[in-house]
Engineer: 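Could you have a look at this structure, given as structure tokens, before my questions?
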Amino acid sequence: MASQEETIEQVKRANERFYRAFESLDISKMAAVWMQAERAKCVHPGWSLLSGWEAVRQSWEAIFANTDYMRFVITDVAVHLYGRVAWVTCMENLSDAPDTLQMARILATNVFEHTGEEWRMVHHHASPIMRPAPALGDADPEFLN
């Protein structure tokens, strides 16, 4: 049985595989990281919730068919374990063109389930960061929910 530190490293590697599959724009690589089941869920920035592997797969196919280039620099990675489930929160710093310094910042939560052999993604939720969070105590009540 893996130690907690080893398990965290396994989940981090699963998260990295997801982003390398994303960058590859290859549906077979993306399919290899996902739990292909009805419980699979995905929320792309600005999209509604997609439920079930078939809907999730179709979304990746559409994204890949309309994308020429994508590179991620993943920062602020935090892994949380709860039995056979783990979730990763991270910042996706995304470049959609080579040789550009401009990057979109997207906050992501990636949920993984251990299959007994490996960690597979079961949920991906990504939200664009429109502006920096206010400092504690400086929050504008108009923007709190």
Side-chain angles (χ1 to χ4, degrees), residues 1-64 67-139 143-145:
M1 182 165 199
S3 70
Q4 182 169 350
E5 293 79 21
E6 291 169 331
T7 303
I8 288 171
E9 288 305 313
Q10 291 171 358
V11 173
K12 284 181 180 179
R13 285 192 299 274
N15 197 59
E16 290 166 8
R17 282 193 304 274
F18 167 69
Y19 287 105
R20 297 304 73 85
F22 203 156
E23 290 175 336
S24 77
L25 307 176
D26 182 326
I27 191 62
S28 63
K29 290 180 182 178
M30 184 58 78
V33 302
W34 275 86
M35 181 72 69
Q36 297 180 21
E38 281 305 305
R39 66 185 173 279
K41 307 280 189 229
C42 186
V43 179
H44 298 294
W47 293 36
S48 297
L49 175 67
L50 301 169
S51 295
W53 169 244
E54 186 61 26
V56 172
R57 182 189 58 76
Q58 288 175 4
S59 74
W60 290 116
E61 288 175 338
I63 290 168
F64 294 167
T67 304
D68 295 322
Y69 180 90
M70 196 163 290
R71 289 293 173 262
F72 291 93
V73 176
I74 304 303
T75 60
D76 305 312
V77 176
V79 177
H80 309 274
L81 300 173
Y82 189 76
R84 295 176 353 122
V85 174
W87 61 98
V88 177
T89 55
C90 60
M91 188 65 65
E92 301 174 352
N93 301 282
L94 171 62
S95 172
D96 62 0
D99 303 321
T100 182
L101 296 177
Q102 189 170 8
M103 292 189 152
R105 291 178 45 87
I106 303 165
L107 180 61
T109 301
N110 299 321
V111 180
F112 296 89
E113 183 179 327
H114 197 263
T115 66
E117 297 178 11
E118 62 186 340
W119 291 92
R120 291 286 187 107
M121 181 169 279
V122 71
H123 185 99
H124 169 69
H125 187 134
S127 299
I129 303 297
M130 305 309 280
R131 63 186 191 167
L136 291 177
D138 294 341
F143 293 102
L144 296 177
N145 56 351

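Position 1 is the first residue of the sequence; numbering continues from there. It should be emphasised that the depicted structure is a prediction, and the values quoted were computed from it without experimental measurement.
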Engineer: If we check side chain to side chain contact (heavy atoms under 4.5 Å, CB included) with His44, which of these qualifies: Val56, Ile106, Leu50?
Structural biologist: Leu50
Engineer: Ring-plane angle category for Phe18 and Trp34, please: parallel below 30°, perpendicular beyond 60°, tilted otherwise.
Structural biologist: perpendicular
Engineer: SG of Cys90 to CD1 of Ile74: how many Å apart, nearest 0.5 Å?
Structural biologist: 5.0 Å
Engineer: Measuring from atom OG1 of Thr7 to atom CD of Glu5, what distance do you get when rounded to the nearest 0.5 angstrom?
Structural biologist: 8.5 Å
Engineer: As an exercise, state the distance from CE of Met121 to CG of Asn15, rounded to the nearest 0.5 Å.
Structural biologist: 6.0 Å
Engineer: Is it the case that the side chain of Asp76 and the backbone of Met91 share a donor-acceptor pair, with hydrogens and angles ignored and the cut-off at 3.5 Å?
Structural biologist: no
Engineer: Ring pair (Phe, Tyr, Trp, His ring centres under 6.0 Å) with His114: which residues, sequence neighbours excluded?
Structural biologist: Trp119
Engineer: Check the pair Arg105 / Asn93 against side chain to side chain contact (heavy atoms under 4.5 Å, CB included), numbers first and verdict last.
Structural biologist: CA-CA 5 Å; Arg105 291 178 45 87; Asn93 301 282; 3.2 Å; yes
Engineer: Roughly how far apart are Glu92 CD and His124 NE2, rounded to 0.5 Å?
Structural biologist: 5.0 Å
Engineer: Report yes if some heavy atom in the side chain of Thr67 is under 4.5 Å from a heavy atom in the side chain of Asp96; otherwise report no.
Structural biologist: no
Engineer: How far does CE of Met70 sit from CG of Leu25, to the nearest 0.5 angstrom?
Structural biologist: 6.5 Å
Engineer: Where is the tightest heavy-atom contact between Asn110 and Tyr19, given as atom of each residue plus distance?
Structural biologist: ND2-OH, 3.1 Å
Engineer: Can a salt bridge be assigned to the pair Glu113 and Arg120 using a cut-off of 4.0 Å between side-chain N and carboxylate O?
Structural biologist: no
Engineer: Inspect the contact between Arg20 and Glu23 and indicate whether a charged nitrogen and a carboxylate oxygen are less than 4.0 angstrom apart.
Structural biologist: yes
Engineer: Less than 4.0 angstrom from a charged side-chain N to a carboxylate O is my criterion; do Glu16 and Lys12 meet it?
Structural biologist: no
Engineer: Between Met35 and Ala40, which heavy-atom pair has the shortest distance, and what is it?
Structural biologist: O-CB, 3.5 Å
Engineer: Evaluate the side chain to side chain contact (heavy atoms under 4.5 Å, CB included) criterion for residues Val85 and Val111: first the C-alpha distance (whole Å), next the side-chain angles of each, then the deciding distance (0.1 Å), finally the verdict.
Structural biologist: CA-CA 7 Å; Val85 174; Val111 180; 3.9 Å; yes
Engineer: Give, for atom OG1 of Thr100 and atom CZ of Arg71, the distance between the pair rounded to the nearest 0.5 Å.
Structural biologist: 13.5 Å
Engineer: Say whether Gln58 and Glu54, considering side chains only, have a donor N or O and an acceptor N or O under 3.5 Å apart.
Structural biologist: yes
Engineer: Work out which heavy atom in Ala21 is nearest to a heavy atom in Ser24; give both atom names and the distance.
Structural biologist: O-OG, 2.6 Å
Engineer: May I ask you to check whether Phe22 and Trp60 place their ring centers less than 6.0 Å from one another?
Structural biologist: yes
